[in-house]
K.L.:
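What follows is a single structure, and I will ask about it in a moment.
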Amino acid sequence: LLSPVGLATRLLRGSFAAWAAGAFLFAAAFGALANSLEDAFADIPELAGLIAVDLEDMTTSFASALLSFLMVAPLVFSVSAVLRLRGEEDTGRVEQLLVTGSSRPGLLARWLAVVAVQTVLITAAVGLGTGLGVWAGTGDAGWIWELTIAAFAYLPAIALAAAIAAALFGLAPQIAALAWAPVVWAAVVLYLGELLNLPEWAADLSPLTHVALVPGSDLEAAPLVLMGLFAAALAVAGFVGFRRRDVGSA
């Protein structure tokens with residue numbers, strides 16, 4: 001508890017464990033439904049309009065769509081974990097850490113490093129859980145590795161959302177809660193986009209929209225690189241703002 005890494009690890013470990021376990025179990029449970037896809041779409045044809053599933057390769061399409069739906073878990077965790085630092089500032093613990101000799105950039109860098117590691121682990125848990133579930137449903141163990149690797153394609157989009165939170169924390173902490181707007185919109189696009197018949201420009205406001213539905217679709221590197229660059233720029237802005245502004249509960 002005497003270092004930024006120790007404090008971040010201690011404060012975030014509960015939510016990290018809950019999100020990782022919940023996402024893993026949820027992914028495994030729904031992935032196991034892969035063995036009943038044909039019956040489900042035969043009984044309820046309308047499902048094909050709600051879920052982006054290719055009826056000629058239902059297992060791959062279903063696994064890809066399920067993976068994208070579950071990416072809300074690491075997305076929510078990453079933003080909440082970054083904003084938790086704002087809560088620590090309000091309670092005065094950030095000032096206490098700075099008094100002990102931690103620099104502002106060092107504090108923020110170490111906190112974000114802990115968030116990054118835990119977010120990657122939750123993302124891996126989503127992919128692994130989905131793969132294990134699809135394996136249980138189809139008997140093909142190859143899905144475990146394929147979906148675990150595919151999950152990492154969403155990390156640039158998740159990093160972008162977390163970087164928005166970091167930038168707001170550093171530049172305008174009073175309105176840092178606005179970092180939830182991209183998360184909420186991403187969930188709306190994922191779960192209700194087809195029902196609401198959203199225009200393309202509106203759907204494109206969600207960072208998750210720019211990630212191909214892997215492994216069912218070919219991965220496009222350009223959007224991932226651009227989101228990574230934007231995330232890096234926003235993170236730098238957050239560092240600059242945090243270094244210059246007053247620290248406290250105001």
Side-chain angles (χ1 to χ4, degrees), residues 12-42 47-48 50-78 81 113-162 183 186-187 189-191 206-221 223-225 227-228:
L12 298 176
R13 66 184 183 183
S15 59
F16 163 69
W19 277 105
F24 175 81
L25 294 174
F26 199 84
F30 274 83
L33 298 176
N35 65 341
S36 57
L37 289 176
E38 293 185 3
D39 294 338
F41 282 96
L47 285 177
L50 301 178
I51 304 176
V53 172
D54 181 358
L55 297 181
E56 295 182 359
D57 191 0
M58 286 188 289
T59 300
T60 300
S61 296
F62 172 76
S64 303
L66 178 61
L67 194 63
S68 70
F69 289 162
L70 294 172
M71 281 303 143
V72 169
L75 188 70
V76 170
F77 170 80
S78 64
V114 173
V115 174
V117 170
Q118 293 180 341
T119 300
V120 169
L121 292 176
I122 294 176
T123 303
V126 170
L128 178 61
T130 306
L132 288 171
V134 176
W135 171 40
T138 64
D140 184 357
W143 284 109
I144 300 175
W145 173 256
E146 188 171 3
L147 289 172
T148 300
I149 295 300
F152 293 125
Y154 288 89
L155 286 176
I158 296 170
L160 179 57
V183 178
V189 173
L190 271 176
Y191 303 135
S206 165
L208 296 180
T209 299
H210 302 283
V211 183
L213 286 176
V214 289
S217 302
D218 293 333
L219 188 64
E220 298 180 14
L224 305 186
V225 172
M227 285 190 289

K.L.:
At their closest point, which heavy atom of T59 faces which heavy atom of W143, and how far apart are they?
P.N.:
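Looking at all heavy atoms of both residues, the closest pair is CG2-CZ2, 3.5 Å.
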K.L.:
Check residues 122-130 and write down every donor-acceptor pair under 3.5 Å in which the side-chain atom is one partner and the other belongs to a residue at least two apart or another chain.
P.N.:
residue: T123; atom: OG1; partner: T119; partner atom: O; Å: 2.9
residue: T130; atom: OG1; partner: V126; partner atom: O; Å: 2.8

K.L.:
List for me each residue that meets ring-ring contact (aromatic ring centres under 6.0 Å, His included) alongside F26, sequence neighbours excluded, and say none if there are none.
P.N.:
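F26: ring-ring contact (aromatic ring centres under 6.0 Å, His included) contacts with F30.
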K.L.:
A73: which residues meet the side-chain contact (heavy atoms from CB on, under 4.5 Å) condition with it, sequence neighbours left out?
P.N.:
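Partners of A73 by the side-chain contact (heavy atoms from CB on, under 4.5 Å) criterion, ordered by chain and then number, come out as W19, A23.
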K.L.:
What's the shortest heavy-atom distance between P156 and G228, and which atoms?
P.N.:
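So the minimum-distance heavy-atom pair works out to CB-N, 4.3 Å.
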K.L.:
Using every non-hydrogen atom in the two residues, find where Y154 and V214 come nearest and quote the distance to one decimal.
P.N.:
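That closest heavy-atom pairing would be CE1-CG2, 4.3 Å.
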K.L.:
Could you tell me whether a side-chain N or O of S61 sits under 3.5 Å from a main-chain N or O of M58, the two making a donor and an acceptor?
P.N.:
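Such a contact is absent between S61 side chain and M58 backbone.
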K.L.:
Would you check if the side chain of S78 reaches a backbone N or O of L75 as a donor-acceptor pair within less than 3.5 Å?
P.N.:
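The answer is yes, because a donor-acceptor pair under 3.5 Å joins these two groups.
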K.L.:
In Å and rounded to the nearest 0.5 Å, what is the CG to CD1 distance from L132 to I144?
P.N.:
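Nearest 0.5 Å value for the CG-CD1 distance: 4.5 Å.
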K.L.:
Under the side-chain contact (heavy atoms from CB on, under 4.5 Å) test, which residues partner S64, sequence neighbours left out?
P.N.:
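With sequence neighbours excluded, S64 shows a side-chain contact (heavy atoms from CB on, under 4.5 Å) to T60, L213, P215, given in chain and number order.
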K.L.:
Give me the one residue out of V115, V114, L121 that meets side chain to side chain contact (heavy atoms under 4.5 Å, CB included) with V117.
P.N.:
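So the option named by the test is L121.
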K.L.:
How about S206 and L190: do any of their side-chain heavy atoms sit closer than 4.5 Å?
P.N.:
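Not touching, per the 4.5 Å side-chain cut-off.
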K.L.:
Name the residue from L66, V72, L67 that meets the side chain to side chain contact (heavy atoms under 4.5 Å, CB included) definition with L70.
P.N.:
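Going through L66, V72, L67 one by one, the side chain to side chain contact (heavy atoms under 4.5 Å, CB included) with L70 is satisfied by L66 alone.
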K.L.:
Partners of P207 by side-chain contact (heavy atoms from CB on, under 4.5 Å), sequence neighbours excluded?
P.N.:
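With sequence neighbours excluded, P207 shows a side-chain contact (heavy atoms from CB on, under 4.5 Å) to A157, L160, M227, given in chain and number order.
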K.L.:
Measure across H210 and L224 and return the closest heavy-atom pair with its distance rounded to 0.1 Å.
P.N.:
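For H210 versus L224, the nearest heavy atoms are O-CD2, 4.5 Å.
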K.L.:
Got a sec, which residues hit side-chain contact (heavy atoms from CB on, under 4.5 Å) with V120, two or more places apart in sequence or on another chain?
P.N.:
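side-chain contact (heavy atoms from CB on, under 4.5 Å) check on V120 returns F152, L155.
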